[in-house]
Enquirer: 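Take this structure, written in structure tokens, and hold onto it; I'll ask about it next.
Just so it is clear, the structure is predicted and the values come from calculations on it, not from any experiment.
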Amino acid sequence: MCPALKVAGDAVEINVLEDASDIPEFVKWVKANKAGLGCDTETTGLDWWSESFRLRTVQFGNHSTAYVVPVEVSEDLWDAAVGAIRFLDKLAFQNAPYDLLVLDSQTELNMEDIWPKVTDSKILGHLVDSRARKEGGSGHSLEDLTRCYIGNDVADKIKGSMAELARSMKTTKAKVFETIDVWHGGYLTYAGMDPVLTYRLAKKLGPLVPVSARKLIRFEHKVAEICSYMSRTGFLLDVEYTKALSERLHLEELEYTQICRDLQCENPWSTDQCANALIFLGYPIDNFDRTKTGKLKVDGSLLERVMGDKRSSDMLKLLAHSIDRAKSARKRRQTWVDKFLGQRDRDDRCFANINSIQARTARMSITGIPAQTLPGNDAEVRNCFVADEGHVIVSTDYSNMELRFLAAHSQDPTMLAAFRDGDDLHQLTADAAGVSRKAGKTTNFCVVFGGGWKAVHEQAGVGEEEAKAAVEGFWKTYPGVKKLADKLTQEARRNGYITTASGRRLYVDRGREYSALNYFIQSGSRDITCRALVRMHEAGLTKYMRLPIHDEVVFSVPYAHRLKAAKMTAELMAETIKGLEIPTDPEIGGRSWGSLYELEHTKH
DNA sequence: TCGTGACGCACC
DNA sequence: AAACGGTGCGTCACGA
């Protein structure tokens, strides 16, 4: 028995099962709590797919009592924990996808059987307040939610106890979980507190979800479930190709780093050193922009200016080019290629960690395989991933989802007609304002982002006057959009938040009410993709899904069924919003993901 | 030795 | 009156 602890004034009892003789008491307690308990796992790390990964303890908790089951010490304890999970009607987890992937991969339990019983306190927390802690919101980690809804003192104690463990063991936090003795008192206290906090948070947060968002609770749990199946499936890596690419990028990096060194730039990753070396070779210091902290700005556009400047010497141009190439090669290798190789499992699969409800707008984020940020202008990096044996890659995305969503919800007649008639919306905006198509297109996107003429000016590379005319023309051409934007801005000003088409509450920062339109569109578009995931799941397509990427879903499908699969995904994903269809565009590729990008490559 | 902020760049 | 929204990740630089 651990020392008594207090949470928000209540004593919390943490029990540890030491051997089989403790099991009857635990079973009795679980039976008395059949309706539901908080649950958590402690493991050796986060890489649930790796061979060295181990499940160490499973913990259960209610409002005031916790049981820590050190499943790694005996089969009896293992069976007791597994039995409890099977027996309980409801289970509350904090970030359920992770724990369920652990239980699924390490025990005889299946995610499919656990998910229907799950409440995820992270999902509830996000539905209550989607903002990160930095943004003035609650945040969504266990520590943040505890701090916000239970008490600072408890959150500090949890955080402090972990740091203390690391200190006492003279190691890093990550190593603690791998090496600490399972009977260590501090460890067991830490482990036991988590399910108690999760249980309390789940109880507390449920009623705080705004009425308009209640229907999203089930929906978001389903989306998280589907994403966890995609995580579990993983994506097959073409190891031979990936190794060769890594090697090539490494040589490229070395070659260009050497040139930088020869030109007095020892470290091209230090912006200070780059600036100094460029100035040393004669580039005028006045030509630099400054960062907001007043330092010389060295970015891609500066390097481009150096290379394009007629007054630049050959050496200066060579330095700018070499800095760019060295950085680019290393970025590709470190951020993507080598990461894939390092993370693969014994079957050469990589596993994405999909946070199905992460951003302030509820957009997903994907780490592990950073699928949302793979370079899109060539096939090189994406070719690392391939469809399963006998499969090909299919990718289905929405056409113009955000602008169509805007047209549907604003019911602006001009914009609606343009989409219905298949007109060129970018040209339409351009014609209305008497500007180039490029300015028109950029304006359409900038308005969605909440940008103004300055953004159009910089992004489209058109003059200030043309940019001003384009933005002014936009609002005149689409008065319905203006009306929606004004309505949302006022709503944000009045309430401090907007309610999206799905009923989600999104807080908007004071003084930044112009972003309300973007939140509405971005969040609504994300919900469209997620509803499509649910429909495809119900149609039995989950095992072919690999990754959701904003307005796109990537699949691996059997070659023989590629046509039918593409058609099915296109039909299931398409959705009609207020009478306007958001159409989809399925693409059938070859074995590698990059094959879908090779055509676009020829554009350059 | 770490954690963190600034910066730059990859994307929708 | 105007207003660039949302991410992940790697490096450098700095401070506890």
Side-chain angles (χ1 to χ4, degrees), chain A residues 130-132 134-135 159 163 166-167 170-175 266-275 289-303 323-324 326-328 330-336 338-339 352-355 358-378 380-382 397-398 400-403 442-443 445-460 467-468 471-472 475 485 488-489 492 506 508-509 511-526 529 548-552:
Chain A
S130 68
R131 293 170 298 177
K134 271 190 203 157
E135 300 169 331
K159 192 182 178 177
R167 262 202 308 278
K170 295 193 159 79
T171 181
T172 60
K173 243 167 152 184
K175 282 268 177 209
E266 197 58 32
N267 181 356
W269 289 273
S270 161
T271 45
D272 293 350
Q273 288 189 29
C274 289
D289 290 332
R290 299 274 173 168
T291 67
K292 66 176 175 198
T293 51
K295 296 216 279 187
L296 296 175
K297 195 173 168 87
V298 181
D299 60 6
S301 81
L302 183 273
L303 295 176
I323 290 171
D324 186 44
K327 284 170 79 169
S328 164
R330 191 195 296 191
K331 167 131 189 163
R332 277 162 186 262
R333 193 167 61 87
Q334 301 268 109
T335 312
W336 298 306
D338 279 2
K339 210 168 144 149
N353 172 26
I354 306 173
N355 305 297
Q358 207 269 352
R360 186 182 184 130
T361 55
R363 282 229 288 211
M364 295 184 184
S365 83
I366 305 181
T367 57
I369 302 174
Q372 293 166 326
T373 57
L374 297 179
N377 60 353
D378 66 68
E380 193 177 62
V381 173
R382 277 181 158 85
D397 65 1
Y398 290 95
N400 253 322
M401 170 145 71
E402 296 198 331
L403 282 169
T442 309
T443 303
F445 287 118
C446 280
V447 167
V448 168
F449 290 154
W453 65 264
K454 275 190 180 169
V456 175
H457 164 60
E458 271 172 36
Q459 225 166 285
K468 279 181 194 170
V471 172
E472 226 169 89
W475 293 114
L488 289 165
T489 303
L506 299 181
V508 180
D509 296 347
R512 285 182 24 150
E513 284 84 1
Y514 60 87
S515 47
L517 178 68
N518 175 255
Y519 287 2
F520 184 81
I521 297 169
Q522 188 179 108
S523 188
S525 299
R526 174 271 186 199
T529 305
I549 308 172
H550 297 308
D551 65 344
E552 171 190 5

Enquirer: What is the distance, rounded to the nearest whole Å, between atom CG of A:Asp551 and atom P of C:dT7?
Expert: 17 Å
Enquirer: For A:Gly294, answer base if it contacts any base atom (sugar-phosphate contacts may also be present), sugar-phosphate if it contacts only those atoms, and nothing otherwise; contact means non-hydrogen atoms under 4.0 Å.
Expert: nothing
Enquirer: Can you find a side-chain donor-acceptor pair between A:Ser301 and A:Asp299 that sits under 3.5 Å?
Expert: yes
Enquirer: Between C:dA13 atom P and A:Asn267 atom CG, what is the distance in whole Å?
Expert: 7 Å
Enquirer: Identify which nucleotide among C:dG5, C:dC12, C:dC9 has an atom closest to any side-chain atom of A:Trp269, counting heavy atoms from C-beta outward.
Expert: C:dC12
Enquirer: Mind running side chain to side chain contact (heavy atoms under 4.5 Å, CB included) on A:Thr529 and A:Met364 for me, showing each step along the way?
Expert: CA-CA 10 Å; A:Thr529 305; A:Met364 295 184 184; 5.9 Å; no
Enquirer: Whole-Å distance between C:dA2 C1' and A:Phe449 CZ?
Expert: 19 Å
Enquirer: Let me spell it out: for each of A:Ala132 and A:Gln273, pick the nucleotide of DNA chain C with the closest heavy atom. Which residue's pick is nearer the 5' end?
Expert: A:Ala132
Enquirer: In whole angstroms, how far is the P atom of C:dA1 from the CH2 atom of A:Trp453?
Expert: 16 Å
Enquirer: B:dA6 phosphate, OP1 or OP2: any side-chain N/O from A:Thr291 under 4.0 angstrom?
Expert: no
Enquirer: Within the 4.0 Å heavy-atom criterion, would you say A:Arg330 contacts the bases, only the backbone, or no part of the nucleic acid?
Expert: sugar-phosphate
Enquirer: Would one find a side-chain N or O of A:Tyr514 under 4.0 angstrom from OP1 or OP2 of C:dA2?
Expert: no
Enquirer: Mind calculating the distance between CG (A:Leu296) and C1' (C:dA13) to the nearest angstrom?
Expert: 16 Å
Enquirer: Report which part of the nucleic acid A:Gln358 touches: base, sugar-phosphate, or nothing (heavy-atom distance under 4.0 Å, all strands).
Expert: sugar-phosphate
Enquirer: Is the phosphate of C:dG6 approached by A:Tyr519 (side-chain N or O, under 4.0 Å from OP1 or OP2)?
Expert: yes
Enquirer: In whole angstrom, give the distance that lies between atom CG of A:Asp299 and atom P of B:dG8.
Expert: 6 Å
Enquirer: Where the side chain of A:Thr335 is concerned, which of B:dC9, C:dG5, C:dG10 is the nearest nucleotide?
Expert: C:dG10
Enquirer: Where is the tightest heavy-atom contact between A:Glu402 and A:Ser525, given as atom of each residue plus distance?
Expert: CG-OG, 3.5 Å
Enquirer: What integer distance in Å separates A:Glu266:CD from C:dA13:C1'?
Expert: 17 Å
Enquirer: Taking OP1 and OP2 of C:dA13, is either one under 4.0 Å from a side-chain nitrogen or oxygen of A:Ser270?
Expert: yes
Enquirer: Can you measure A:Asn355 atom CG to C:dC9 atom C1' for me and round it to whole angstrom units?
Expert: 14 Å
Enquirer: Answer with base, sugar-phosphate or nothing: what part of the nucleic acid does A:Val298 contact at a heavy-atom distance below 4.0 Å?
Expert: sugar-phosphate
Enquirer: Does any N or O donor sit under 3.5 Å from an N or O acceptor when you compare the side chain of A:Glu402 with the base of B:dC12?
Expert: no
Enquirer: Looking at A:Val381 and A:Arg332, what are the two nearest heavy atoms and their distance?
Expert: CG2-NH1, 3.9 Å
Enquirer: With a 4.0 Å cut-off on heavy atoms, is A:Ala455 in touch with a base, just the backbone sugar-phosphate, or nothing at all?
Expert: base
Enquirer: Would you say B:dG8 has OP1 or OP2 under 4.0 Å from some side-chain N or O of A:Lys297?
Expert: yes
Enquirer: Determine the contact category for A:Lys454: base if any of its heavy atoms lies under 4.0 Å from a base atom, sugar-phosphate if only primed atoms, P, OP1 or OP2 are that close, otherwise nothing.
Expert: sugar-phosphate
Enquirer: Touch check for A:Gly300, heavy atoms < 4.0 angstrom, all strands: base, sugar-phosphate only, or nothing?
Expert: sugar-phosphate
Enquirer: Strictly distance-based, threshold 3.5 Å: is any side-chain N or O of A:Glu513 a donor or acceptor partner for the main-chain N or O of A:Ala492?
Expert: no
Enquirer: Looking across every strand, which nucleic acid part, if any, lies under 4.0 Å from A:Leu374 by heavy atom: base, sugar-phosphate, or nothing?
Expert: sugar-phosphate
Enquirer: Looking only at the side chain of A:Lys134 (C-beta and beyond, no hydrogens), which of the listed nucleotides C:dC9, B:dG5, C:dG6 gets closest?
Expert: B:dG5
Enquirer: Whether A:Arg512 contacts C:dG6 is assessed here as follows: a side-chain N or O lying under 4.0 Å from the phosphate OP1 or OP2. Is that the case?
Expert: yes
Enquirer: Can you see if the side chain of A:Lys339 gets near the phosphate of C:dC9 - specifically, an N or O under 4.0 Å from OP1 or OP2?
Expert: yes
Enquirer: Return yes if the base of C:dG6 and the side-chain atoms of A:Arg360 contain a donor-acceptor N/O pair under 3.5 Å, otherwise no.
Expert: no
Enquirer: State, to 0.1 Å, how close A:Arg360 and A:Leu506 come at their nearest heavy-atom pair, and which atoms those are.
Expert: O-CD2, 3.2 Å
Enquirer: Given C:dT11, C:dT7, C:dA3, identify the nucleotide with an atom nearest to the side chain of A:Ser365.
Expert: C:dT7
Enquirer: Is any N or O donor-acceptor pair between the side chain of A:Gln334 and the base of C:dG10 shorter than 3.5 Å?
Expert: no
Enquirer: With sequence neighbours excluded, what pairs up with A:Thr442 under the side-chain contact (heavy atoms from CB on, under 4.5 Å) test?
Expert: A:Lys438, A:Cys446, A:Val456, A:Gln459, A:Ala460
Enquirer: Say we look at B:dC11 and C:dC4: how far apart would their C1' atoms be, to the nearest angstrom?
Expert: 15 Å
